[in-house]
Asker: 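First the structure, which I've put down as C-alpha cells, then a few questions once you've had a look.
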Amino acid sequence: MYKNLLLDDIETAILQAIENKKLGNMEEYTKGSLVIEKPKNSDFGDFAVNVSSLARQARIAPPMIANAIVECLGDKEYETSVVGGFINFKLSEKMLTDVIVEILNKKENYGKPENIEAEKIILEYVSANPTGPFHIGHGRWAAMGSALANLLKFYGHDVFQEFYINDAGSQIQKLGRSLLIRVKQELGENIDFPEDEQERKNYYPGEYLIPVAKDFLKENQPTEDIQVLSDYAKKYMENVQKELLEKFRVHFDKFYSELDLHNSGKVDASYQKLQESGKLYEKDGAMWFKSSEYGDDQDRVIKKADGSNTYLTADIAYHIDKLDRGFDRLINIWGADHHGYVPRVKASIEALGYDPNKLEVLLGQLVNLVINGNEVRMGKRKNMVTLEDLIDEVGIDATRFWMCMRNIDTTLDFDIELAKTASDENPVFYVQYAHARVCSILRNLVNEKLNTETGEKTPAPMTEEEFENAISNVDYEAMKKAIPTAKKLILKLEEFKSMIESSAKSRTVYTVCRYVQDLAGEFHSFYNSNRVICDDNDLMKSRVALVYSIKTVLKNALDILAVNAPERM
RNA sequence: GUGCCCGUAGCUCAGUUGGAUAGAGUGCAGGUUUCCGAAACCUGAGGUCAUGGGUUCGAUUCCCAUCGGGCAUACCA
C-alpha cells in the first residue's frame, strides 16, 4: 500500500539527509517514528507526513527539515510539496491506475497482506449460560466476534472460534427447578413462581420455558427429578442457541463444555499445579490464590470451604487448556461487567508459568435498548427482548451492521424503532444500495434494452467479450480517461488495504463499517456526476474497470461483516 | 470509598504514538431527475471538544482535580 511505500522512501531520505549533515544536530533516526496520514484538506495532496516531531532532535525549524528531506528524496513517481512542517504527496495517474489493476487481478484477495506473521488465534466470544434464549447484548458479541474472526482470517491469521458453555454451575439446578414449575403448570397444577423477590431470584420465570415443558411431556413421563429436568432444559436451550447463531451467520469451530472440563480432570489438575506453585494458602477453611502478587487488587478464593470449586477455578483450567492446545494468542470478548475478572485470570496464567500477554480481553460495553425514545435497561432476565425477536423485526443484515458499527468501548444504544423503519436512516441500506447500483450498471452494459411501449430493442452497449476484456486487460493507457474524475474514489479503494491492516491490529470491526459507508458515499457521489455507459467507448471501458473494482472491494468488506452484498434490492 | 469505561454539533458517533481551518451520518433549511436505480446527489446553518488547572513551540488527544453517566467491587456463575 502506498502509505508504506511513502514511509519507506521518506525514512531512506532522512537517513541520507543525516549522512549529508542536512538535519542539524540529528544523528540517528528510529524507523517507525513518523506516520503517513491523509491530509485534512485534500488540496494539500493525497498523503502527508508531519516531520515537526524531528525538530526537537534536529534543533532546526520544521520547514527546513521538510525541505532537507525532500531534497534527498530524488526523483519519484509522485509529486511532493512542503507546507510548514508537512511534506505532502500527490500520486501520479500511473500509481492510481495500479490500484485498479491490482484489484482486478487479486479480486476477492485484494486487501490481504502478502507477508505477515500469521498467528494461531483462539477467539472466544458469546459464551452464554445455556439457561435461556440470547438477549440483545449477546447479539453484539456474536456479531462483533464473528466479524472480528472474519477480519483476522482475511488478514492472514489462523483463527479458531470457540464458545464456552457455562453448563456446570448452580444456575443449571435453577433452570431445572424452573422447568419443574412449568411442567406442573402443563399438567394442570395450580402453581407459579414465588412472588417474593428474593425467592424469585432462584428461578427463571421467563415464558420461554413453557414450550420446553410441553416438548418435555411429549417425550417423557412426568418427573420431579431436577437432574433430569435440568439436563433436558440445558440441551434444549443449547440447541436453541446454536440454531440462532447459525442463522445469524455466526459459526463456532467448537462448543466447549464447562462440565466436560470438570469431568476430564483438568480442573483438578490445574488446581494441583497452582498448589505446587506455592501460590495457594488456606484461610477461613477455603483455599485462596495469591492473585494480588500479580497485580490483582485482592486474593481470590479458588476452593470454597465446602470443598467445591469456584467459577474461577474452572476458568483458570479452561485458559490453561487453550494455551496447552498450542494457540499463540487468546482473544476473549467479554462484557464490561466482567472487567474485574481480567487481572485474576492473567494472574493465574502467569503463576502457572505461561505468558499472560498472550491473553487479550476485549471488554465490550453493554447494549441499551431504546424503545419509543426511552432507554430500557437490559436486565438479564427482565424486559427481555430476545436477539431472535430483533432479527425477525429488523433483519439479519441490519442487525449485524448495527451491532458492529460502534466502537466496543461505547455503550450501544439500539433504537428499535429506528432499526425497524430501517430505510433512509439506516446506513446498511446505503451501502447495499451502492452495491446493487453497481450491479445494475454492469447488467445494463451487456443487456439489450427493450422499450416497453414501442417494442424496439436497443443493442447492449458492450458484448460479453468486450466486457470481460475491459475488466481483465487493464493498463494505464486503458484507464487514463477515467482517472481525472475518479481520483477520490480510487484513493478510497486504495485505503482498503491500510484499513484492513489497522483494523486487524487494533481488533476493531467498526472501522470496517465506517469504511464501507465512506466507499459507498464516494461511489454515490461519483455516480451522480459521471456516467459509466456513454458514447465515448474508451471512457466507458475504463469506467467499467473502475466500477467493477468498486463492486469487488465493497463485496470484500461486506463479506468480513457477513452482511449481504445484494445484486438487486 | 476504590478500580475500569465514557463525556465532542439538537440526536447517534469518528477523530490514527500531541500538529494544517475539530469531521461524518441523522435531523433542520434550500436546491438537483427528457439519460446507467432520487433507497441517491449538491449547498447551507449548527461547536466554550463536560468544567478548572498543569506539561508543551503547540492539547479534543498526555497529567491532576472537580462534575455527570455506565459497569464492577461474592466462598454467584
Side-chain angles (χ1 to χ4, degrees), chain A residues 32-41 43-44 48 50-53 55-56 61-62 83-86 88 129 131 166-172 174 201 258 283-288 297-298 300-312 314-315 335-343 363-366 368 370 373 377 405-413 415 418 422-427 429-430 432-434 436-445 449 461 498 502 505-506 510-511 514 517-518 520-521 523-534 540 543 547 568-569:
Chain A
S33 45
L34 291 178
V35 175
I36 303 291
E37 52 193 22
K38 289 189 77 178
K40 297 216 165 140
N41 184 337
D43 293 342
F44 286 120
N50 183 354
V51 297
S52 304
S53 58
R56 190 165 308 189
V83 181
F86 286 89
N88 296 306
N129 294 338
T131 54
N166 294 136
D167 56 358
S170 58
Q171 79 277 12
I172 300 300
K174 184 164 141 183
K201 280 185 180 165
E258 186 189 347
K283 194 179 94 181
D284 303 332
M287 289 304 285
W288 295 69
D297 53 3
Q298 56 174 289
R300 307 291 169 180
V301 171
I302 219 91
K303 197 177 275 291
K304 302 180 211 168
D306 67 4
S308 64
N309 291 316
T310 62
Y311 178 76
L312 177 62
D315 222 18
D337 52 340
H338 287 80
H339 77 255
Y341 220 75
V342 180
L363 290 171
Q365 295 296 318
L366 306 176
N368 278 328
V370 178
R377 292 274 303 283
M405 70 192 275
R406 298 294 179 224
N407 192 331
I408 196 165
D409 287 341
T410 66
T411 311
L412 178 71
D413 284 326
D415 187 328
L418 199 66
S423 49
D424 17 324
E425 289 151 348
N426 209 325
F429 288 114
Y430 181 81
Q432 291 184 315
Y433 179 55
R437 231 180 184 182
V438 168
C439 291
S440 170
I441 294 172
L442 298 177
R443 276 195 303 272
N444 290 335
L445 272 163
K449 202 171 161 187
S498 40
S502 65
K505 285 185 174 170
S506 60
Y510 77 92
T511 40
R514 292 186 68 81
Q517 291 179 78
D518 285 352
F523 166 69
H524 284 309
S525 180
F526 171 85
Y527 176 92
N528 264 269
S529 44
N530 302 284
R531 287 188 57 82
V532 175
I533 297 171
C534 59
M540 177 160 73
R543 284 191 174 156
V547 162
R568 288 190 169 84
M569 291 173 73

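Below, read A as the first sequence line, B as the second, and so on, with proteins coming before strands; counting in each chain starts at 1.
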Asker: What distance do L363(A) atom CG and Q365(A) atom CD have between them, rounded to the nearest 0.5 Å?
Answerer: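 Nearest 0.5 Å value for the CG-CD distance: 8.0 Å.
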Asker: Indicate, with a heavy-atom threshold strictly under 4.0 Å, whether A336(A) touches base, sugar-phosphate, or nothing.
Answerer: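 Here A336(A) touches the backbone only, sparing every base.
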Asker: For S170(A), report the nucleic acid contact type (base, sugar-phosphate, nothing); a contact means any heavy atom under 4.0 Å.
Answerer: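 Answer is sugar-phosphate: S170(A) comes under 4.0 Å of backbone atoms only.
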Asker: Base, sugar-phosphate, or nothing for N407(A), non-hydrogen atoms under 4.0 angstrom?
Answerer: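 Sugar-phosphate, backbone atoms only, no base.
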Asker: A50(B) and U16(B): how far apart are their P atoms, nearest whole angstrom?
Answerer: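 Nearest-Å result for A50(B) against U16(B) at atom P: 14 Å.
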Asker: Nearest whole Å is fine: how far is G58(B) P from N50(A) CG?
Answerer: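 In whole Å, G58(B) P lies 16 Å from N50(A) CG.
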Asker: Give the nucleotide from the list A20(B), G37(B), C41(B) with an atom nearest to the side chain of Y430(A).
Answerer: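 That would be C41(B).
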Asker: Could you pull out the closest heavy-atom pair between P461(A) and I533(A), with the gap in Å?
Answerer: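 Between these two residues, the closest heavy atoms are CG-CG2, 3.8 Å.
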Asker: Rounding to a whole Å, what distance do you find between Y433(A):OH and G37(B):P?
Answerer: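 Rounded to the whole Å, the gap is 8 Å.
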Asker: Look up atom OG in S502(A) and atom NZ in K505(A), then write down how far apart they are to the nearest 0.5 Å.
Answerer: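 Spacing of OG (S502(A)) from NZ (K505(A)) equals 9.0 Å.
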Asker: Check A305(A) against A286(A) and note the closest heavy-atom contact, atom names and distance.
Answerer: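 Scanning both residues, the minimum pair turns out to be N-CB, 3.9 Å.
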Asker: In whole angstrom, give me the gap between the P atoms of A9(B) and G15(B).
Answerer: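 Their P atoms lie roughly 15 Å apart.
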Asker: Please round to the nearest 0.5 Å and tell me the distance separating atom CG of N530(A) and atom CZ of R543(A).
Answerer: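 Atom-to-atom, N530(A):CG and R543(A):CZ are 4.0 Å apart.
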Asker: Counting only side-chain N and O atoms of R437(A), is one of them less than 4.0 Å from OP1 or OP2 of A38(B)?
Answerer: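 For R437(A), the contact criterion (side-chain N or O under 4.0 Å from OP1 or OP2 of A38(B)) is met.
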Asker: Quick one: sort the H338(A) and Y341(A) rings into parallel, tilted or perpendicular, breaks at 30° and 60°.
Answerer: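 Correct class here is perpendicular.
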Asker: Answer with base, sugar-phosphate or nothing: what part of the nucleic acid does L34(A) contact at a heavy-atom distance below 4.0 Å?
Answerer: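 The residue L34(A) makes base contact.
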Asker: Measure from CG on L363(A) to C1' on C6(B) and round the result to the nearest Å.
Answerer: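 The answer, rounded to whole Å, is 14 Å.
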Asker: Given atom CE of M287(A) and atom P of A74(B), what is their separation to the nearest angstrom?
Answerer: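 One finds 21 Å between P of A74(B) and CE of M287(A), rounded.
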Asker: Looking for any heavy atom pair under 4.0 Å, which part of the strands does M569(A) touch: base, sugar-phosphate only, or nothing?
Answerer: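 If one applies the 4.0 Å heavy-atom cut-off, M569(A) turns out to touch a base.
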Asker: Just the atom pairs and distances: protein N or O near nucleotides 54-56 of chain B's N or O, under 3.5 Å.
Answerer:
none

Asker: So does A336(A) get a backbone contact from the side chain of H339(A), meaning a donor-acceptor N/O pair under 3.5 Å?
Answerer: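 At least one qualifying donor-acceptor pair exists.
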Asker: Kindly say if Y341(A) contacts the phosphate of C71(B), meaning a side-chain N or O under 4.0 Å from OP1 or OP2.
Answerer: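 For C71(B), neither OP1 nor OP2 has a side-chain N or O of Y341(A) closer than 4.0 Å.
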Asker: What is the distance, rounded to the nearest whole Å, between atom CG of D297(A) and atom C1' of A72(B)?
Answerer: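 Taking atom C1' of A72(B) as the reference, CG of D297(A) is at 10 Å.
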Asker: Here's a test of your reading of the structure: between R406(A) and S53(A), which maps to the more 5' nucleotide of RNA chain B?
Answerer: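 Its nearest nucleotide being more 5', the pick is R406(A).
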Asker: In dot-bracket form, how is RNA chain B paired, counting a Watson-Crick or G-U wobble pair only if both its distances are under 3.5 Å and using | for bases paired to another strand?
Answerer: (((((((..((((.....[...)))).(((((.......))))).....(((((..]....))))))))))))....
Asker: Using whole Å, report how far NE2 of H339(A) lies from P of C6(B).
Answerer: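 My rounded result for the distance is 12 Å.
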Asker: Specify the separation, in whole Å, of atom CD of E37(A) and atom P of A20(B).
Answerer: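 It works out to 8 Å between those atoms.
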Asker: Is the phosphate of C42(B), meaning OP1 or OP2, less than 4.0 Å from a side-chain N or O of S525(A)?
Answerer: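 Indeed, a polar side-chain atom of S525(A) lies that close.
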Asker: Quick one: is K505(A) getting a side-chain N or O under 4.0 Å of the U17(B) phosphate, OP1 or OP2?
Answerer: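 Looking at the OP1 and OP2 atoms of U17(B), neither is under 4.0 Å from any side-chain N or O of K505(A).
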Asker: With sugar-phosphate meaning primed atoms plus P, OP1 and OP2, does A48(A) contact a base, only sugar-phosphate, or nothing at under 4.0 Å between heavy atoms?
Answerer: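 If one applies the 4.0 Å heavy-atom cut-off, A48(A) turns out to touch a base.
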Asker: Could you work out the separation of C76(B) and U60(B) based on their P atoms and round it to a whole Å?
Answerer: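 Between the two P atoms, the distance is 49 Å.
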Asker: When we call it a touch if two heavy atoms are under 4.0 Å apart, what does T511(A) touch: a base, just sugar-phosphate, or nothing?
Answerer: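 No contact at all - T511(A) keeps every heavy atom at 4.0 Å or more from the nucleic acid.
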Asker: Ignoring backbone atoms, establish whether N88(A) has a side-chain N or O less than 4.0 Å from OP1 or OP2 of A20(B).
Answerer: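 Checking N88(A) against A20(B): no side-chain N or O falls below 4.0 Å of OP1 or OP2.
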Asker: Whether K174(A) contacts A77(B) is assessed here as follows: a side-chain N or O lying under 4.0 Å from the phosphate OP1 or OP2. Is that the case?
Answerer: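 For A77(B), OP1/OP2 do not have a side-chain N/O of K174(A) under 4.0 Å.
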Asker: Y430(A) and H524(A): which non-hydrogen atoms are nearest, and at how many Å?
Answerer: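 In this case the closest contact between Y430(A) and H524(A) is O-NE2, 3.3 Å.
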Asker: More than 12 non-hydrogen atoms from neighbouring residues, nucleotides or ligands closer than 6.0 Å to NZ on K304(A), yes or no?
Answerer: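 Yes, enclosed.
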Asker: As a test of reading the structure: which of C5(B), A20(B), G19(B) is closest to the side chain of S52(A), going by heavy atoms?
Answerer: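 Selected nucleotide: G19(B).
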Asker: Determine the contact category for T410(A): base if any of its heavy atoms lies under 4.0 Å from a base atom, sugar-phosphate if only primed atoms, P, OP1 or OP2 are that close, otherwise nothing.
Answerer: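 Counting heavy atoms under 4.0 Å across all strands, the contact made by T410(A) is with sugar-phosphate only.
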Asker: If the P atom of A20(B) is compared with that of U43(B), how far apart are they to the nearest Å?
Answerer: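 These two P atoms come out 23 Å apart once rounded.
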Asker: Looking at T310(A) and V301(A), what are the two nearest heavy atoms and their distance?
Answerer: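 Between these two residues, the closest heavy atoms are OG1-O, 3.2 Å.
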Asker: Considering only the C1' atoms, how many Å lie between G18(B) and C62(B), rounded to the nearest integer?
Answerer: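 Nearest-Å result for G18(B) against C62(B) at atom C1': 8 Å.
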Asker: Okay, side chain of D167(A), backbone of E258(A): is any donor-acceptor separation there less than 3.5 Å?
Answerer: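 Such a contact is found between D167(A) side chain and E258(A) backbone.
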Asker: When you compare the ring of F429(A) with the six-membered ring of A39(B)'s base, are the centres less than 5.5 Å apart and the planes under 30° from each other?
Answerer: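 Per 5.5 Å and 30° rule: no stacking.
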Asker: Within the 4.0 Å heavy-atom criterion, would you say D167(A) contacts the bases, only the backbone, or no part of the nucleic acid?
Answerer: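 Result for D167(A) = nothing.
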Asker: Is A434(A) touching bases, backbone alone, or none of the nucleic acid, heavy atoms closer than 4.0 Å?
Answerer: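 Nothing, no heavy atom under 4.0 Å.
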Asker: Of V438(A), V532(A), I441(A), which is the lone residue that meets side chain to side chain contact (heavy atoms under 4.5 Å, CB included) with Y527(A)?
Answerer: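 Result: among V438(A), V532(A), I441(A), I441(A) is the only option passing the side chain to side chain contact (heavy atoms under 4.5 Å, CB included) with Y527(A).
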Asker: Do K174(A) and T131(A) come within less than 4.5 Å of each other through their side chains, counting heavy atoms only?
Answerer: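 In short, these two side chains do not touch, never coming nearer than 4.5 Å.
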Asker: What's the closest nucleotide to the side chain of Y510(A) if the choices are A14(B), C36(B), C75(B)?
Answerer: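 Out of A14(B), C36(B), C75(B), the nucleotide with an atom closest to Y510(A)'s side chain is A14(B).
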Asker: What is the distance from CZ of R300(A) to C1' of C76(B), rounded to the nearest Å?
Answerer: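 Taking CZ of R300(A) and C1' of C76(B), I get 14 Å after rounding.
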Asker: Need one value for Q171(A): base, sugar-phosphate or nothing, where a base atom within 4.0 Å counts as base even if backbone is also close, heavy atoms only.
Answerer: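 Answer is sugar-phosphate: Q171(A) comes under 4.0 Å of backbone atoms only.
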Asker: Below 4.0 angstrom from OP1 or OP2 of C42(B), is there any side-chain N or O of Y527(A)?
Answerer: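 Result: no.
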Asker: Identify which nucleotide among C35(B), C41(B), C75(B) has an atom closest to any side-chain atom of R531(A), counting heavy atoms from C-beta outward.
Answerer: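 Side chain of R531(A) sits closest to C35(B).
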Asker: Which nucleotide sits closest to the side chain of N129(A): C36(B), A77(B), G37(B)?
Answerer: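 So the nucleotide nearest the side chain must be A77(B).
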